[in-house]
Amino acid sequence: RLATGDTEIDVPEVWAQVGGLDRARPHAMQLRIASDFAALIQYSEDGRMAEIASLPRSRIFSTWNLGTTILAYTPHDVTSAGYHRSRQALWNGIEAFKSPDTLRQALLDSKADHILLCVDGRLERNLPQLQNLLTGDLPPWLTDVTEGRRTVRLLRVNQAELAADR
């Protein structure tokens with residue numbers, strides 16, 4: 001569920017009403033849905049949300065394009081979402097990943113428990129710092145806890161070690 005003011009939206013219900021996985025829907029509707037719900041569609045169709053939802057409840061630091069989907073399909077809190085008007089929430093989703101120093105400070109400020117990255121995400125492919133995280137080049141305050149997950153990389157943030165690494 002997403003909530004804005006007095007309005008609550010049940011994303012899976014809306015998804016079903018606009019055609020969900022029905023490939024017979026008109027092409028114009030497919031394009032509209034694809035542009036409005038691109039991350040929701042991709043992640044719900046290929047099972048990534050199930051992987052993410054299975055994680056222990058936590059505050060997740062991710063790229064901006066994953067935040068809304070994480071909120072809609074999991075019990076987790078997020079530090080960034082593309083719809084957000086907060087300058088910090090948008091910054092967390094892109095700029096924080098541009099260097100180890102900016103990421104460290106953003107993780108300290110947000111008190112995030114985990115970083116979640118899409119293994120084949122567009123943003124992840126285009127930012128060198130994200131590529132480093134995906135390939136295992138981790139600072140001492142991050143631990144890879146991906147385990148058997150195929151489509152995402154999950155990194156645990158050690159807040160105590162992060163604070164000590166000033």
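Counting all heavy atoms, side chain and backbone alike, F97 lies closest to Q129 at O-CB, 2.8 Å. For A53 against P75, the heavy-atom pair with the smallest separation is O-CD, 4.3 Å. The minimum heavy-atom distance between I70 and T74, with the atom names listed, is O-OG1, 2.5 Å. Residues L55 and I60 come closest through the heavy atom pair CD1-CD1, 4.3 Å. Taking each heavy atom of L133 and P139 in turn, the nearest pair found is CD2-CD, 4.3 Å.
The shortest distance between side-chain heavy atoms of T146 and V119 does not fall below 4.5 Å. Put simply, the side chain of L107 does not reach to within 4.5 Å of the side chain of T79, judged on heavy atoms. Contact annotation: the side chain of F61 approaches that of S110 to within less than 4.5 Å [non-hydrogen atoms, C-beta and beyond]. Residues L127 and K98 have side chains in contact (heavy-atom distance under 4.5 Å, counting atoms from C-beta outward).
In this structure, H114 NE2 and L155 CG are separated by 9.0 Å, a value rounded to the nearest 0.5 Å. With rounding to the nearest 0.5 Å, the separation of CH2 in W141 from CG in L108 is 8.5 Å. If you take CZ on R104 and CG on L142, they are separated by 11.5 Å, rounding to the nearest 0.5 Å. Here the straight-line distance linking atom NZ of K111 with atom CZ of R59 works out to 8.0 Å at 0.5 Å rounding. A distance of 10.0 Å separates OG in S62 from CD1 in I115, rounded to the nearest 0.5 Å. Atom CG of D144 and atom CG of L154 lie 7.5 Å apart (nearest 0.5 Å).
Between the side chains of D101 and S99, no donor N or O sits under 3.5 Å from an acceptor N or O.
Taking the charged nitrogens against the carboxylate oxygens, R156 and D113 have no contact shorter than 4.0 Å, which rules out a salt bridge.
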